[in-house]
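Heads up: numbering here begins at 1 and tracks the sequence. Worth knowing before you read on, the calculation uses all heavy atoms, side chains too, and leaves out hydrogens, waters and symmetry mates.
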Amino acid sequence: QVQLEESGGGLVQAGGSLKLSCEHSGDSDCISVMGWYRQAPGKERELVAGISYSGATNYADSVKGRFTISRDNAKKMMYLQMNSLKPEDTAVYYCHGVCTQYKVGYGHLTDDYWGRGTQVSVSS
C-alpha cells in the first residue's frame, strides 16, 4: 500500500505565502506522476499543478506565475510553494500520486492514491 500525507496548510492573508508538503511512504517506489488538487466548498476537485518523475510540470491557468510545484524523489517528497495568495485559493488541497507498475502478462498498470487533504484559507 501507498500512503500520502500532506502538511503545511493554514490561514494566511491575501498576498501572503504558504508551502505545502506531501510525503509518500509504504510501497511507494512505484510513484511516478504526482500532483496537487484542490476542492473549494460547493465546487468540484480541480488540478492545481502536476509534476512528472523527471520534473516536468504543468499548472492550472489560475495559479501560473504564483505557485511552484517541485519534488525530491530521494526524500519521497513533493512541494507546492504558493505565493501571492488570493481568497479564491481557499480550499482543501490534496496530494495525488500515480503508482505505475509493470506486470508480466498485463503490461503497465496504474493506481491512484490520495492524501487526506490540508486546509488552506486566505483572508481578504
- Item | Steps toward side-chain contact (heavy atoms from CB on, under 4.5 Å) verdict (Q3, S28) | CA-CA 8 Å; Q3 292 84 42; S28 65; over 6 Å; no

- Query: Which pairs pass salt bridge (Lys or Arg N to Asp or Glu O under 4.0 Å) with one or both residues in residues 80-99, sequence neighbours excluded?
  - Reply: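 For residues 80-99: R38-D89, R66-D89.
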
Can you tell me how far apart [atom1] ([X]) and [atom2] ([Y]) are? Round to the nearest 0.5 Å.
| X | Y | atom1 | atom2 | answer |
| --- | --- | --- | --- | --- |
| N73 | K75 | CG | NZ | 12.0 Å |
| N83 | K19 | CG | NZ | 10.5 Å |
| L18 | Q81 | CG | CD | 8.5 Å |
| L80 | Y93 | CG | OH | 7.5 Å |

- Query: Which pairs pass disulfide (SG to SG under 2.5 Å) with one or both residues in residues 37-73, sequence neighbours excluded?
  - Reply: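 Sorted pair list comes back empty.
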
- Task: Show which residues join Y37 in its hydrophobic cluster (side-chain heavy-atom contacts under 4.5 Å, direct or indirect), or state none.
- Result: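 Direct or chained contacts put Y37 with L47, V92, Y94, W114.
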
- Query: Going by side-chain heavy atoms closer than 4.5 Å, which hydrophobic residues are tied to Y79, directly or by a chain of links?
  - Reply: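 Its cluster partners, ordered by chain and number, are M77.
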
- Item | Exercise: identify the closest heavy-atom pair between A40 and A91 |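 Nearest pair, atom of A40 first, then A91: N-CB, 3.8 Å.
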
- What pair of heavy atoms forms the shortest contact from A14 to P87, and how long is it?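 Minimum heavy-atom contact is CB-CD, 4.1 Å.
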
Evaluate the side-chain proximity of [Y] to [X]: yes if any heavy-atom separation is below 4.5 Å, no if none is.
| X | Y | result |
| --- | --- | --- |
| E6 | L20 | no |
| T68 | Y59 | yes |
| M34 | C95 | yes |
| C30 | T100 | no |
| I31 | R71 | yes |

- Task: Given side-chain contact (heavy atoms from CB on, under 4.5 Å), test K76 with D29 step by step and report yes or no.
- Result: CA-CA 8 Å; K76 297 188 174 184; D29 288 341; 3.0 Å; yes

- Provide the full list of side chain to side chain donor-acceptor pair (under 3.5 Å) pairs with a residue in residues 101-113, sequence neighbours left out, each pair given once.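 Passing the test, one end in residues 101-113: H96-D112.
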
- Task: Carefully, step by step, assess Q119 and S121 under the rule side-chain hydrogen bond (donor to acceptor under 3.5 Å, both in side chains).
- Result: CA-CA 6 Å; Q119 177 70 46; S121 299; 3.3 Å; yes

- Query: CD of Q39: more than 12 outside heavy atoms within 6.0 angstrom?
  - Reply: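 Yes.
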
- With distance as the sole test, does S32 use its side chain to make a donor-acceptor pair with the main-chain N or O of V98 at under 3.5 Å?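 The answer is yes, because a donor-acceptor pair under 3.5 Å joins these two groups.
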
- Message: Can you list everything that forms a salt bridge (Lys or Arg N to Asp or Glu O under 4.0 Å) with D61? Sequence neighbours excluded, please.
- Response: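 For D61, the residues satisfying salt bridge (Lys or Arg N to Asp or Glu O under 4.0 Å) (neighbours in sequence not counted) are K64.
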
- Item | Within one Ile-Leu-Val-Met-Phe-Trp-Tyr cluster: I51 and V33, side-chain cutoff 4.5 Å |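 Looking at the clustering, V33 is in a separate group from I51.
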
